[in-house]
Amino acid sequence: MSSCDVLIAGCGYAGIVLAERLASQCGLHCIIVERRAHIGGNSYDKHDDAGVLLHRYGPHYFRTNSDRIRDYLGQFTAWHPVEYKILSQAEGRLWQFPINLNTFEQLLGRPSTSEEMERTLAEWRIPIERPRNSEEVIVSQVGWRLYEMFFKNYTRKQWKRDPAELDPSVCGRIPVRTNRDDRYLSEKFQALPREGYTAMFRRMLDHPKIELRLGVDFREIRPQVQCRHVIYTGMVDEYFGYSLGPLPWRSLRFEPETLAQEWFQPVMQVNYPNEHEFTRIVEIKHATGQKLPVTTIVREYPADYTPGGEAYYPIPAPDARALYEQYAVLAACEEGVSFVGRLATYRYYNMDQVVGMALAEFERLRPRLRPA
Ligand code: FAD
Ligand code: UDP
């Protein structure tokens, strides 16, 4: 039997931030267990055989509007500022994406202005006051033609659901602009940890009160550890033995390919809404700024989630949320356990949002878990 103050299940952002705070600010002994063979959860990065620093579970573009979250992580990493740029391949050519004035000019085949674009979109838009789903959120901004060109089939491929069956927040993540701002994301701070995510996580975990156990499943170790509190960051339905039925999750397959050339594509990411079975090709070197004579690209194939596989995305849709709400009731009744992070709260959260959630949970726990 081992003992500790806090037993943490999962070594992604949620588990790491809580371990770091509880150990460094409260002197609490934390055991953090992770069933994979590495730290970092889905934000893990590692050099491949060609020396390219790859995001192993899909591209992770760090961004935030929060100075507090940037400064907190900034204690453990320097930043490499990046303006994330992507393109979309449709109708036999590459388009500026997200939709902006440049896209509109490509469509017209001549120069234009923000005013003309706004006037035209006002004609194309389908008037919907409060969009209720991802189809409505896009057609209410740009109309059917651009929706069908860029969103409809990408979304069907990615989620195996029609955009009309998904919350507005899914496609609503993508900005529509009438100026020439061509960044994929709109948050004010956009940067990658200079030496990568894993290097940052290593520094966060480097504390004598943090004990890391890799290749260990929480379900197996739980009966062998005495602790005052548990932090669980795995899938919430798995925690409860699927007692209310499995939640719908979406998975992915990543297909890396190393090429003996410096660059493969003009930007970090090209989306393929209507062609191929993959959704996007990512050439991460564009973002990390690595200088190498070779490159590695990754094709990303959406996949069904099968038990025992990797649950990459919760599905933001009313039916899934209704089932999650029932699990949330069970979670709220679970004494001495905090459910934190993307899998445990079934939220399509970005990294900074998970950091924010973990910092808030730390503030809630701090007075309760003062060293005994
Ligand atoms: P995770 O990173 O999933 O970590 C949970 C960990 O718990 C995992 O390592 C898992 O193995 C472990 N675990 C689960 N159950 C158990 C158990 N029973 N015992 C032991 N260990 C267990 N965010 C952005 O901000 N920008 C992006 O560009 C971006 N791109 C993304 C692209 C893809 C393809 C995906 C899938 C996600 C992306 N994200 C992005 C989101 C980001 O990955 C998450 O916000 C973040 O990783 C969530 O951290 P977490 O700790 O909640 O979960
Ligand atoms: N999306 C789309 N076409 C695109 C890019 C995105 O329809 O070219 C939709 C799709 O439903 C996707 C969602 O917008 O799942 C969010 O895209 P994002 O790139 O933020 O997804 P993530 O990086 O989280 O997979």
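Position 1 is the first residue of the sequence, and the numbers go up from there. Whatever order the structure lists ligands and atoms in, that order sets their numbers, starting from 1. Keep in mind that the numbers below use all heavy atoms, side chains included, and drop hydrogens, waters and symmetry copies. Given the structure is predicted, the values throughout are model-derived calculations rather than measurements.
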In this structure, does ligand 1 have an atom that sits under 4.0 Å from one of the heavy atoms of [X]?
{"X": "E310", "answer": "no"}
{"X": "Y57", "answer": "yes"}
{"X": "I16", "answer": "no"}

Regarding [atom]: of the candidates [options], which has the closest heavy atom?
{"atom": "atom 42 (C) of ligand 1", "options": "E300, H60, H55, R35", "answer": "H60"}
{"atom": "atom 26 (N) of ligand 1", "options": "Y348, Y61, Y349, F254", "answer": "Y61"}
{"atom": "atom 35 (C) of ligand 1", "options": "R342, Q353, M357", "answer": "R342"}

(request) Under 4.0 Å, heavy atoms only, figure out whether ligand 1 is touched by the backbone of R63, its side chain, both or neither. (result)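 Under 4.0 Å from ligand 1, R63 contributes side-chain atoms alone.
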(request) Take every heavy atom of Y61, measure it against each atom of ligand 2, and state whether any distance is under 4.0 Å. (result) no
[X] neighbourhood, listing ligand 2 atoms whose heavy-atom distance to it stays under 4.0 Å:
{"X": "F150", "answer": "2 (C), 3 (N), 4 (C), 7 (O), 8 (O)"}
{"X": "Y184", "answer": "5 (C), 17 (O), 18 (P), 19 (O)"}
{"X": "Q158", "answer": "15 (O)"}

(message) Within ligand 1, which atoms have a heavy atom of F218 less than 4.0 Å away?
(response)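 So the answer, numbered in order with elements, is 17 (C), 18 (N), 19 (N), 20 (C).
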